[in-house]
Amino acid sequence: MGRASTSRSAGAFRAPLLAVLAAALTVAGCAADGSRAARAPSASTAGSPSPRVTSDVDLCASIVSHWSREVLDGRGYGDYQSMGMSGGQYDILREVVDAARAARRQGGQDIGTLIERQAREGCVAWYRSGGPGEGPWR
């Protein structure tokens with residue numbers, strides 16, 4: 001008699017449990033199909049090349065140029081680490097900002113081009129001599 005009551009209570013749980021599992025699998029299956037469809041490449045991007053990787057020099061020049069403009073306009077903040085720069089990049093920034101301030105005092109019109117050029121030249125020289133992790137930065 002004890003067994004009969006045990007099997008009945010187990011049976012009472014089976015039906016709702018199977019219904020819940022079936023519903024969960026149905027929902028999971030729908031989500032999986034929707035996910036695959038959302039990730040499928042469109043016709044316009046299917047043949048496009050992979051994104052371009054930014055070189056170390058390009059990244060350095062971009063960071064130094066950006067923060068040089070910010071510092072020159074009085075919007076720079078914190079230290080070089082809070083700007084996401086290394087000590088070497090910050091040295092380049094200081095040289096670029098000094099040159100841009102001198103050009104501004106002399107009435108230079110295209111300071112943006114000066115910043116871009118000097119940042120790139122400084123970064124090229126920095127990576128030519130080893131950059132971070134090489135040469136004197138080890």
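Residue numbers start at 1 and run along the sequence shown.
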### Message
Could you walk me through whether R94 and D91 satisfy the side-chain contact (heavy atoms from CB on, under 4.5 Å) test, starting with their C-alpha distance in whole Å, then the side-chain angles of each, then the deciding distance to 0.1 Å, before giving a yes or no?
### Response
CA-CA 5 Å; R94 290 187 309 189; D91 291 341; 2.8 Å; yes

(Q) Between S68 (side chain only) and V64 (backbone N and O only), is there a donor and an acceptor less than 3.5 Å apart? (A) yes

Quiz prompt | Under 3.5 Å donor-acceptor, S82 side chain and D79 backbone | solution = yes

Are E121 and R128 ion-paired here, with the side-chain N under 4.0 Å from a carboxylate O?
-> no

Sidechain N-carboxylate O distance under 4.0 Å for D110, R117 | no

If you measure from [atom1] on [X] to [atom2] on [Y], what distance do you get to the nearest 0.5 Å?
X: E70; Y: L93; atom1: CD; atom2: CG; answer: 10.5 Å
X: M83; Y: Q89; atom1: CE; atom2: CD; answer: 11.5 Å
X: W126; Y: D56; atom1: CH2; atom2: CG; answer: 8.5 Å

So ring-ring contact (aromatic ring centres under 6.0 Å, His included) across residues 52-74, not counting sequence neighbours, yields W67-Y77

Identify the heavy atoms of [X] and [Y] that sit nearest to each other, and give their distance.
X: E95; Y: Q118; value: O-OE1, 4.1 Å
X: A119; Y: S65; value: CB-OG, 3.4 Å
X: A103; Y: L114; value: CB-CD2, 3.7 Å

Answer yes or no: is there a side-chain heavy-atom contact under 4.5 Å between [X] and [Y]?
X: E116; Y: R69; value: yes
X: R120; Y: D58; value: yes
X: R104; Y: L72; value: yes

Test side-chain contact (heavy atoms from CB on, under 4.5 Å) on C60 and I92; report intermediate values, then the result. CA-CA 10 Å; C60 171; I92 297 167; 4.3 Å; yes

- Query: Should S86 and Y80 be marked as a side-chain contact (heavy atoms from CB on, under 4.5 Å) after you check the CA-CA gap, both sets of side-chain angles, and the distance that decides it?
  - Reply: CA-CA 7 Å; S86 68; Y80 68 95; 5.5 Å; no

